[in-house]
Amino acid sequence: MASKNSVNIPTNAKWAQNGVTVAGGKGKGSTTKELSSPFGLFVDDAQTVVIADRWNHRIIQWKSGNTTNGQVIAGGKGEGNGLHQLNHPTDVLIGKETNSLIICDRGNDRVVRWSRHSGTTQGEILIDNIQCYGLAMNEPRYFYVSDVAKHEVRRYQFGEKDGTLVAGGNGQGADLNQLNWPTYLFVDGQQNVYVSDNNNHRVMKWTKDAKEGIVVAGGQGKGSALTQLYHPNGIFVDTLGTLYVADSWNNRVMRWTRDAKQGTVIVGGNGKGAGENQFDGTIVLSFDRHGNLYVADYNNHRVQRFSIEKD
């Protein structure tokens with residue numbers, strides 16, 4: 001399945017504090033050796049890193065073992081709204097059953113699907129007129145989309161245009177039934193929807209059919225204390241229910257165990273910078289099946305891998 005929640009990570013796991021660049025890191029640019037503000041990130045079973053390369057208006061993949069060159073697999077034909085083009089994409093998923101990419105084509109207010117088969121030159125529109133930002137899947141038939149204009153998350157079955165409201169939808173706000181600029185998403189096997197509630201500096205969990213959410217990280221105002229987040233973005237939940245958050249403006253990745261009142265910093269948190277243990281805008285994160293952590297480092301135009309330490 002296309003879900004990313006089948007990763008078993010021990011509760012006491014630790015990661016190398018210095019990251020290794022697996023994509024980009026050559027400065028901002030548009031060649032296949034470079035990235036320009038990576039925003040979305042998906043790591044497949046072969047450890048291929050698929051990136052929404054926002055300012056290059058393309059999806060580019062970097063295969064494991066090749067850290068010098070990527071391959072454009074969608075867009076890359078300049079900013080535009082043609083079916084062969086993308087406009088500032090912010091997130092990407094892989095649908096295994098159809099071997100396709102699901103892309104939040106943010107600048108075009110649409111969600112599109114591109115085949116991963118070689119020779120594909122254009123995509124198809126799945127949803128139009130939506131100010132999408134983040135995407136998630138938990139089973140082959142459905143995908144989830146955050147809408148930053150309506151401050152809500154909807155679940156869609158492939159082929160339908162309206163979807164079903166699963167989080168927010170009560171206007172912009174900070175109440176438990178509201179969201180304020182929902183960005184990235186994660187959906188677990190029980191259809192719990194986790195939402196990075198960016199401007200509320202918290203992560204929310206909405207159980208299936210719930211009318212309001214539960215604060216599972218942050219929610220104590222913006223800040224850098226272990227109880228706080230500062231514009232959180234990418235999120236991931238492992239099989240134990242442990243939440244991992246790209247705490248963007250604090251330039252760190254945090255781990256929040258189930259029911260925890262505060263988190264712990266697992267990488268970063270060493271100030272803004274371009275060092276191996278630093279970030280300049282932690283936008284999104286992902287894990288491979290071995291538990292290695294990947295982080296899109298937005299202003300450093302790179303993706304870093306932090307290896308899980310073996311016992």
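FYI, the numbering just counts along the sequence from 1.
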Less than 3.5 Å apart, which donor and acceptor atoms pair up between the side chains of residues 230-237 and the rest of the protein, not counting sequence neighbours?
from	atom 1	to	atom 2	distance (Å)
H231	ND1	N198	O	3.4
H231	ND1	N198	OD1	2.8
N233	OD1	T183	OG1	3.1
N233	OD1	N198	ND2	3.2
N233	ND2	S248	OG	2.7

Exercise for review: Tell me, please, which residues at least two apart from L176 pass side-chain contact (heavy atoms from CB on, under 4.5 Å).
Suggested key: M204, E212, V215
Review point. More than 12 foreign heavy atoms under 6.0 Å from NZ of K161: is that the case here?
Key: yes
Check: residues 27-43 side-chain donor-acceptor pairs under 3.5 Å, at least two apart:
from	atom 1	to	atom 2	distance (Å)
T31	OG1	K33	N	3.2
T31	OG1	E34	OE1	2.9
T32	OG1	N69	OD1	2.5
E34	OE1	S30	N	3.3
E34	OE1	T31	N	3.2

Revision key, fill the gap. In short, disulfide bond (SG atoms under 2.5 Å apart) pairs touching residues 36-112 with sequence neighbours left out are C104-C132
Review point. Rounded to the nearest 0.5 Å, what separation is found between the CG atom of D91 and the CG atom of D105?
Key: 12.0 Å
Check your understanding: Could you give the distance from CZ (R302) to CG (D297), rounded to the nearest 0.5 Å?
Key -> 4.5 Å
Check your understanding: Can you tell me how far NE2 of H84 sits from OG1 of T121, rounded to the nearest 0.5 angstrom?
Key -> 9.0 Å
Check your understanding: Which atoms form the tightest heavy-atom contact between L243 and V203, and what is the distance?
Key -> CD2-CG1, 3.9 Å
**Study point:** Proximity of F306 and F279 rings by center, below 6.0 Å
**Key:** yes
Study note, to complete from the structure: Hits for ring-ring contact (aromatic ring centres under 6.0 Å, His included) against H57, two or more places apart or cross-chain, chain-then-number order -> H88
Exercise for review: Would you please test V111 and I102 for side-chain contact (heavy atoms from CB on, under 4.5 Å) and show each step?
Suggested key: CA-CA 7 Å; V111 178; I102 313 299; 3.8 Å; yes
Exercise for review: Mind listing the closest non-hydrogen atom pair of G281 and N251 along with its distance?
Suggested key: N-OD1, 2.6 Å
Check your understanding: Taking C-beta and beyond as the side chain, do W256 and V216 meet within less than 4.5 Å on heavy atoms?
Key -> no
Study note, to complete from the structure: Across all chains, not counting sequence neighbours, the salt bridge (charged side-chain N to carboxylate O under 4.0 Å, His left out) partners of R258 are none
Check your understanding: For atom CG of D162, is the number of surrounding heavy atoms from other residues, nucleotides or ligands below 6.0 Å larger than 12?
Key -> no
Check your understanding: Would you call the rings of Y194 and F186 parallel, tilted or perpendicular if under 30° counts as parallel and over 60° as perpendicular?
Key -> perpendicular
Check your understanding: Sequence neighbours excluded, which residues qualify as salt bridge (charged side-chain N to carboxylate O under 4.0 Å, His left out) partners of R252?
Key -> D247
Review point. Atom CG in D44, atom OG in S286: separation rounded to 0.5 Å?
Key: 9.5 Å
Review point. Are any non-hydrogen side-chain atoms of T21 and T67 less than 4.5 angstrom apart?
Key: no
Exercise for review: Enumerate the residue pairs fulfilling side-chain hydrogen bond (donor to acceptor under 3.5 Å, both in side chains) with a member in residues 147-157, sequence neighbours excluded, ordered by first and then second residue.
Suggested key: H151-Q172, E152-R154
Revision key, fill the gap. Between R116 and V50, the two heavy atoms sitting closest are NH2-CG2, 4.3 Å
Check your understanding: Among pairs that include at least one residue of residues 56-80, which meet salt bridge (Lys or Arg N to Asp or Glu O under 4.0 Å), considering only residues two or more places apart or in two chains?
Key -> D53-R58
Check your understanding: Taking C-beta and beyond as the side chain, do T90 and Y184 meet within less than 4.5 Å on heavy atoms?
Key -> yes
Study note, to complete from the structure: One should read off an interatomic distance between Q304 CD and Q278 CD, to the nearest 0.5 angstrom, of 11.0 Å
Practice item. Please name all residues satisfying ring-ring contact (aromatic ring centres under 6.0 Å, His included) with Y144, sequence neighbours left out, ordered by chain then number. Key: none
Study note, to complete from the structure: side-chain contact (heavy atoms from CB on, under 4.5 Å) with S100: of R113, H117, E124, only one passes, and it is R113
Check your understanding: Can you list the residues that meet the ring-ring contact (aromatic ring centres under 6.0 Å, His included) rule with Y142, with sequence neighbours excluded?
Key -> none
Point to revise | Least distance between heavy atoms, S224 atom then N250 atom | key: CB-OD1, 3.4 Å
**Study point:** A246: partners by side-chain contact (heavy atoms from CB on, under 4.5 Å), with sequence neighbours left out
**Key:** T282, L285
Exercise for review: Identify the heavy atoms of A174 and N200 that sit nearest to each other, and give their distance.
Suggested key: CB-OD1, 3.5 Å
Review point. How far apart are the closest heavy atoms of I73 and W114, and which atoms are they?
Key: O-CE3, 3.9 Å
Review point. Does a side-chain N-to-carboxylate-O contact under 4.0 Å join D288 and R305?
Key: no
